[in-house]
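Please read the structure below before turning to the comments.
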Amino acid sequence: MSSNLTLRASVLSFVILALFLVTWHIATRGTAATATMDPEYAKLMGLTATTGKSAMPGPLDVGAKILEHLRSPFYDRGPNDKGIGIQLAYSIGRVLLGYALAVAVAIPVGFVIGMSPLMNRALNPFIQLLKPISPLAWMPLALYTIKDSAISAIFVIFICSLWPMMINTAFGVASVRKEWLNVARTLEVRPLRRAFTVILPAAAPTILTGMRISIGIAWLVIVAAEMLVGGTGIGYFVWNEWNNLSITNVIISILVIGLVGMLLDQALARVAKLVTYPE
Amino acid sequence: MTERFISIESIARRYPKPGGGETTIFDNLWFAMNKGEFSCIIGHSGCGKTTVLNVLAGLELPDDGVAVVDGHAIEGPSLDRAVIFQGHALLPWRSVLGNVSFAVSSRWRNWSSDKIRTQAMRFIELVGLKGSELKKPSELSGGMKQRVGIARALSIEPKILLMDEPFSALDALTRGALQDEVRRICIDTGQTACMITHDVDEAIYLADRIVLMTNGPDAMIAEIVENPLPRDRRRIDLHKHPDYYALRNHLIDFLVSRSRSFKEDIPAGYDKRHPPIVRPTAQPSSPGGDDARNAA
């Protein structure tokens with residue numbers, strides 16, 4: 001029954017995809033050649049006006065371009081012409097670095113907040129105030145203090161990944177079942193061992209949820225941050241191709257950004273599955 | 001009573017009331033237990049019997065008075081006193097073996113993993129879970145989970161076994177089987193044990209002495225009932241013993257009416273420090289408790 005459902009769902013998915021592609025193709029197919037015009041004027045107007053070809057690329061154009069990118073994803077011909085693979089690698093590198101720093105700070109701090117009602121009360125106003133700030137608002141301050149655009153981008157990733165992880169860790173730690181803590185108490189388990197053998201495994205699913213939210217936000221933010229700081233990265237690539245008026249490349253970037261975001265999320269979902277326990 | 005292994009001396013526990021002031025759960029509570037003895041504390045919900053157990057476990061400290069175990073005042077939880085929790089409280093991410101090993105390795109911190117495993121397996125076998133040691137708690141039935149809880153508590157070889165209504169969430173058949181198991185283990189090993197229950201039959205079958213607590217707040221120990229049934233009693237012919245109904249009626253009568261009315265009608269000569277010891281028997285002139293008959 002369930003395999004039947006999976007099959008039907010994938011068939012439906014393919015139908016929807018095919019419909020979308022066909023609609024796209026038809027919509028961008030272009031009309032017949034337009035009225036005759038002065039050749040000089042036609043040259044100025046470009047293909048759009050003379051052959052009736054749409055400026056919006058169709059699925060075939062995009063497909064051809066994807067193949068081209070796939071053939072040499074890592075070429076490097078100067079600062080304004082790098083392969084999409086290199087640009088992606090820069091973005092992923094920044095996200096992972098900023099994210100790793102955030103993990104290193106958010107989980108221990110979240111642990112302390114979750115364990116101590118005093119720290120919870122004391123730090124809560126700060127977290128509530130800092131959490132809703134758009135990470136990009138930090139950018140000028142980061143650029144001014146750090147004086148390095150690459151590190152500033154990493155900082156922005158760090159700051160936006162921090163809050164969901166910290167809040168979820170604190171919540172997970174604070175809501176560990178009292179009876180499990182009582183088991184540890186009656187067994188005279190020392191605080192450090194208790195933290196690692198009881199509280200951490202008990203809170204792990206909640207912590208992983210926070211980590212998944214954070215990686216999603218980090219991947220959203222990196223595109224915008226790289227548009228601002230420029231130089232390298234998929235965000236910069238999108239903006240650069242917009243300036244080049246290569247809509248095909250913009251579409252491909254959008255697709256790739258979605259794909260990488262999905263893979264990052266799925267990777268953490270796998271880890272979450274490992275630490276989840278049925279009760 | 002030459003050897004007072006556990007002695008609760010004048011303990012009190014109070015909670016702040018929501019509107020100010022204090023609710024006294026109990027006050028000036030005294031009783032003692034001997035080594036190797038199985039005691040049950042019986043009372044209605046809210047009488048503070050769980051609080052008494054938590055004080056013995058060290059999970060709560062009394063506001064007044066002191067609980068002494070083996071000559072030492074209780075200042076916190078200790079590996080000498082193992083607790084079997086009502087809701088089994090197994091760590092769901094650990095297997096059966098992992099849960100018991102966790103306790104064993106907490107007890108003997110420098111043991112090798114082989115030794116820990118051997119000790120854990122010994123107690124898993126004792127409660128009849130051999131073959132399921134690698135299962136996670138979620139794969140076990142309620143009764144099996146509570147068996148793991150028992151194995152975990154016993155594996156640290158505690159001086160006292162404390163049980164907070166351990167079988168109340170189980171069906172009657174499983175409950176009976178686990179009572180047999182606990183009784184066998186406690187008698188075989190001379191384990192001192194204290195169990196909270198509101199099940200009269202459970203208390204009759206398991207306990208050597210039954211502590212009757214009146215309704216809270218301001219709960220008191222009305223009396224301590226000595227079980228007149230022979231120590232080698234068996235579940236199947238328990239009810240044929242001549243003293244069985246005297247005891248059972250006495251306990252039921254207490255739960256039904258006297259637990260409520262005791263405070264208004266405190267018997268002459270009642271001393272909180274030495275609650276009367278009663279031994280309900282079929283013979284009216286048996287030593288220690290001739291008033292028990294009339295109660296039924």
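If you're wondering where the values come from, they're calculated on a predicted model, not measured in any experiment.
Neither the backbone nor the side chain of A/V275 comes within less than 4.5 Å of any heavy atom of chain B. With a threshold of 4.5 angstrom between heavy atoms, A/A204 does not approach chain B through any atom at all. Only the backbone of B/L90 comes within contact range of chain A, with at least one heavy atom under 4.5 Å from a heavy atom of that chain.
Remark: A/M119 CE is loosely packed, at most 12 non-hydrogen atoms of other residues, nucleotides or ligands lying under 6.0 Å away. Around atom CZ of A/F196, no more than 12 heavy atoms belonging to other residues, nucleotides or ligands sit under 6.0 Å away. For B/R14, the CZ atom is densely surrounded, since the number of other residues' heavy atoms within 6.0 Å is greater than 12.
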Suppose we count any N or O donor within 3.5 Å of an acceptor, strictly below that value; which pairs fall between chain B and chain A?
from   : atom 1 : to     : atom 2 : distance (Å)
B/L59  : O      : A/R185 : NH2    : 3.2
B/L79  : N      : A/E188 : OE2    : 2.7
B/L90  : O      : A/W180 : NE1    : 3.1
B/S105 : OG     : A/R193 : NH2    : 2.9
B/S106 : OG     : A/R193 : NH1    : 2.9
B/R109 : NH2    : A/E188 : O      : 2.9

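Nearest heavy atoms, B/L79 versus A/L187: CD2-O, 3.4 Å.
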